[in-house]
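Only one structure is covered here, and it is reproduced in the block below.
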Amino acid sequence: MNSASNFIPGPNQELLDAKPLRSLAPMFPAPMGAHVNQSSTPPLVCVTPVGQFPTGFGAGNLPAFGSSTTFNTTANGVFYTGASANGPIDATPISAYKTRPLGTVSLDDDDEPYSGNQITGSGRKSKRLSGLDTNGVKIKRPKQVYKNFVAGKELAFLPPSSSDPRGVVEAVHMTFEALRRRHLQLDEIQETSKRADLKAGAIMMASNIRANMGKRVGAVPGVEIGDIFYFRMELCVIGLHAPSMGGIDYMSAKFGTDEDSVAICIVAAGGYENEDEDTDTLVYSGSGGNSKNSEERHDQKLERGNLALERSLHRKNEIRVVRGFKDPFCLTGKIYIYDGLYKIQESWKERTKSGINCFKYKLLREPGQPDGAAIWKMTQGWIDNAASRGRVILPDISSGAEILPVCLVNEVDHEKGPGHFTYSNQVKYLRPHSSMKPLQGCGCHSVCLPGDASCACGQHNGGDLPYSSSGLLVCRKPIIYECGEVCNCSSNCRNRVTQKGVRFHFEVFRTASRGWGLRCWEPIRAGAFVCEYTGEVIDELKVNLDDSEDDYIFQTVCPGEKTLKWNFGPELIGEESTYALPDEFQPLPIKISAKKIGNVSRFMNHSCSPNVFWQPVQYDHGDDSHPHIMFFALKHISPMTELTYDYGVAGSESHGSGSHRTKNCFCGSSNCRGVF
DNA sequence: GTGGTTTCATGGGC
DNA sequence: CGCCCATGAAACCA
């Protein structure tokens, strides 16, 4: 059932290769430029030993870590956190990224990874790679699991560590996610949940795949305001907030000759703040005392984190704030947003409902920072009431074709909209489905289950169902086979994801200089289905005729490493990598033009450091040379972040006979290839 | 769905 | 250096 609508013609067709003035570099500086020999160059392992707090602060006046110096960035991209001219808090932030080969990570205690690092205050070394846990129970991390990992295979996209803190953080973050998804997939076969997040975290910790180890006051290199997370462990591995459970991260810091324990980061779970509108203040409760049974409940004590917060009030140091919100797509889930730097304004004691004395700290957001949680609240408001979104040119360019409206906005100039096209969420094939090879189906009753060897669809996908129970793609594959009409299973089957269409509030917006772009009001989780590339399938025999004037052609050109390596998790747990090398990449014959007919996908711009990737998927026919082209999130995408994918490297291939016109790329990524 | 219960990893502190 | 344990999130169970 094709739902299509005519779109209002705009003045001038905006080209996709419009030159960006606004560089995406700070958002996506990416790591995959240099291809380094794994055996001689260690993979990403990042250690930022914490430096001493600055000396030289006058004893009389309490030093305040000014926000004016917090975000200083040097020419080579090295961040100095909370630095002042004469006394950087962390003089060796990212340049100290120490790398060591994963393949030689010792699981015996004789090779202490960080023995040379001076770690002050905190930054304890993990020594639990082998041995016993606190109860004398053997730790459930069998050595052999880690013994043979990597072994010369490509592990993760390798950031040029010293110059690209963002790339390091993203690589670590995505490695965590890949591990977590795979563990979840394995756990779901057993029908037992074994905390895939903690498992992934344990591997990251044991392998030292972490960013920003060592604590610091102020901003964390490579972590940007608005970044979102789904598990506490994610905050941990990227070095934003060290305690895996505790809400207050603190460290001992030097203030002149004084030493004080100050808070450096808090996670506000979001259970109690009802001061709606105001996203610049936060009332945070101290920790402790809150026991479930009244016997153990007691007044909070001024110790540990509470004491650190109290000292921070006096020292006036910046404190990172991570706010927790309810995940709109998962009732029990929570999303954490890094909301930048705050300072404590005041503190007091308060008696809680359960009758204990509790410390309260009022924090004020430092001025001049980009919006973080404020964007979240703003978009949540739009989701609740789309009419509250201002600057709307058209409330729904899909005219009802999509389940959720796709609004068109322009907050930049006076362009009234993109050129004429017909909106359709269906691909228009050259031949009817009935003439195409049919897709094989399964005979599962009710729903397909992971690990069911008798499920033909599971086998067709290589043994595992490609999606987790929450609908996230586990890893990238040459082609994915969803269950379809010929299958016996119901529409509730987890192997039906992309066929159900988009679930997000998209908006087509005017970019500063790249024409129109696409972004989303909701947060998008890594692995989540985003949208399909719809349009008209072009006869490959005729492609050369009018390609040169069609800027809306999708073809399966080999994308960059970040896309190709999206499934790099398995190597870490000793499984075979399914990663395809660029020279092994096999393009598909399918070409889709969204010039005349298309959906939101036609507005996605190119980036050499993208946040979305394409993935062939089958569900309604079996012609594997002409699959559906589905887009999935490469990483967690914050609301209102432009969605981009890698258009691929054109020209070098013999196929297509140069039909793909090369364009100059100005995405601004540190790994920008220059053309696409 | 919800509320109570269990388990878990980190690193501060002794 | 080794041990202890506070902490609260995530997931499960009733």
Side-chain angles (χ1 to χ4, degrees), chain A residues 50 109 112 114-115 119-137 139-141 176 180 183-184 187-188 190-208 210 213-215 229-253 259-272 284-298 300-309 311 322-327 330-336 354 358-359 468-470:
Chain A
V50 74
D109 287 342
E112 169 52 49
Y114 306 117
S115 50
I119 298 186
T120 64
S122 57
R124 203 174 175 85
K125 306 155 190 173
S126 174
K127 281 283 271 185
R128 291 176 57 185
L129 297 176
S130 66
L132 307 178
D133 74 5
T134 52
N135 298 320
V137 180
I139 292 178
K140 290 177 247 166
R141 273 187 250 124
F176 173 90
R180 195 194 62 81
H183 271 293
L184 188 62
D187 287 350
E188 282 174 350
Q190 315 292 327
E191 287 188 59
T192 55
S193 172
K194 305 232 179 65
R195 291 298 299 269
D197 57 323
L198 296 184
K199 276 187 191 166
I203 295 171
M204 302 288 284
M205 292 296 177
S207 315
N208 277 313
R210 305 171 66 176
M213 280 183 72
K215 301 196 176 193
F229 311 90
Y230 288 77
F231 293 92
R232 286 289 302 266
M233 201 55 80
E234 296 172 52
L235 308 177
C236 196
V237 295
I238 62 158
L240 185 60
H241 185 89
S244 61
M245 300 178 186
I248 308 167
D249 196 1
Y250 57 104
M251 68 183 284
S252 181
E259 195 157 339
D260 226 342
S261 171
V262 292
I264 54 176
C265 185
I266 58 170
V267 178
Y272 40 98
Y284 188 77
S285 300
S287 72
N290 278 311
S291 182
K292 286 286 187 287
N293 54 356
S294 51
E295 294 237 332
E296 291 172 27
R297 231 168 5 227
H298 58 82
Q300 291 187 345
K301 294 174 193 156
L302 195 58
E303 57 184 22
R304 299 191 185 93
N306 297 345
L307 180 60
L309 284 165
R311 299 314 303 152
V322 179
R323 290 180 185 253
F325 291 94
K326 230 173 88 177
D327 183 347
C330 176
L331 291 172
T332 57
K334 203 178 268 184
I335 300 183
Y336 301 94
S354 52
C358 159
F359 292 105
S468 68
S469 58
S470 49

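We use all heavy atoms of the structure for the numbers below, so side chains are in, but hydrogens, waters and symmetry mates are not. Below, read A as the first sequence line, B as the second, and so on, with proteins coming before strands; counting in each chain starts at 1.
A straight line from CE of A/M245 to C1' of C/dA10 spans 10 Å, rounded to a whole angstrom. In this structure, CZ of A/R180 is placed 17 Å from P of C/dA9, rounded to the nearest angstrom. Protein atom CG of A/D249 is 15 Å distant from nucleotide atom C1' of B/dG13, rounded to whole Å. The NE2-C1' distance, from A/H298 to C/dC5, rounds to 13 Å in whole Å. Going from atom CZ of A/R311 over to atom C1' of B/dG12 covers 18 Å, rounded to whole Å. The interatomic distance linking A/L198 (CG) with C/dA11 (P) rounds to 9 Å, in whole Å. C/dA11 atom C1' lies 16 Å from atom CZ of A/R232, rounded to whole Å. If you measure from atom NE2 of A/H241 to atom P of B/dG11, you get 10 Å, rounded to the nearest angstrom.
In the set C/dA10, C/dT7, B/dT10, B/dT10 carries the atom at the smallest distance from any side-chain atom of A/C236. In the set C/dA10, B/dG13, B/dG11, C/dA10 carries the atom at the smallest distance from any side-chain atom of A/Y336. In this structure, of B/dT10, B/dC8, C/dA9, it is B/dT10 that holds the atom nearest to the side chain of A/M205. When distances run from any side-chain atom of A/F231 to the nucleotides B/dG11, C/dA10, C/dA9, the shortest one goes to C/dA10.
For the pair A/A242 and A/L331, both in contact range of DNA chain B, the more 5′-proximal nearest nucleotide belongs to A/L331. Residues A/G288 and A/D197 both approach DNA chain C. Their nearest nucleotides, taken by heavy-atom distance, put A/G288 toward the 5′ side. Ranked by how close their nearest DNA chain B nucleotide is to the 5' end, A/T332 and A/S261 are led by A/T332.
The distance from atom CZ of A/R180 to atom CD1 of A/I203, rounded to the nearest 0.5 Å, is 13.0 Å.
Side-chain atoms of A/D249 come within 3.5 Å of backbone atoms of A/A242 as a donor-acceptor pair (strictly under, hydrogens ignored). Judged by distance alone, with hydrogens and angles left aside, the side-chain atoms of A/E188 form a donor-acceptor pair with the main-chain N or O of A/S469 at under 3.5 Å. At distances below 3.5 Å, at least one donor-acceptor pair connects side-chain atoms of A/R232 with backbone N or O atoms of A/M245. Proximity of a side-chain donor or acceptor of A/E234 to a complementary backbone N or O of A/F229 within less than 3.5 Å is not detected. In terms of modelled atom types and a separation under 3.5 Å, the side chain of A/D327 and the main chain of A/I335 share no donor-acceptor contact.
In this structure, A/R195 reaches the bases: a heavy-atom distance under 4.0 Å links it to at least one base atom across the strands shown.
With sequence neighbours left out, the salt bridge (charged side-chain N to carboxylate O under 4.0 Å, His left out) criterion links A/D260 to A/R311, A/R315. By the side-chain hydrogen bond (donor to acceptor under 3.5 Å, both in side chains) test, A/R304 is found to be paired with no residue, residues two or more places apart in sequence or in another chain being considered. Listed by chain and number, the residues in a side-chain hydrogen bond (donor to acceptor under 3.5 Å, both in side chains) with A/S261 amount to none (sequence neighbours excluded). Among residues two or more places apart in sequence or in another chain, the side-chain hydrogen bond (donor to acceptor under 3.5 Å, both in side chains) test is passed with A/D187 by A/K199.
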What are the atom names and distances for every N/O pair under 3.5 Å that joins the protein to nucleotides 12-14 of chain C?
{"residue": "C/dC12", "atom": "OP1", "partner": "A/S193", "partner atom": "OG", "Å": "3.3"}

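Residue A/Y250 places at least one side-chain N or O closer than 4.0 Å to OP1 or OP2 of B/dG13. One finds no side-chain N or O of A/K199 lying less than 4.0 angstrom from the OP1 or OP2 phosphate oxygen of B/dC8.
Shown for residues 301-308 of chain A: residues whose heavy atoms fall under 4.0 angstrom of DNA chain C, namely A/R304.
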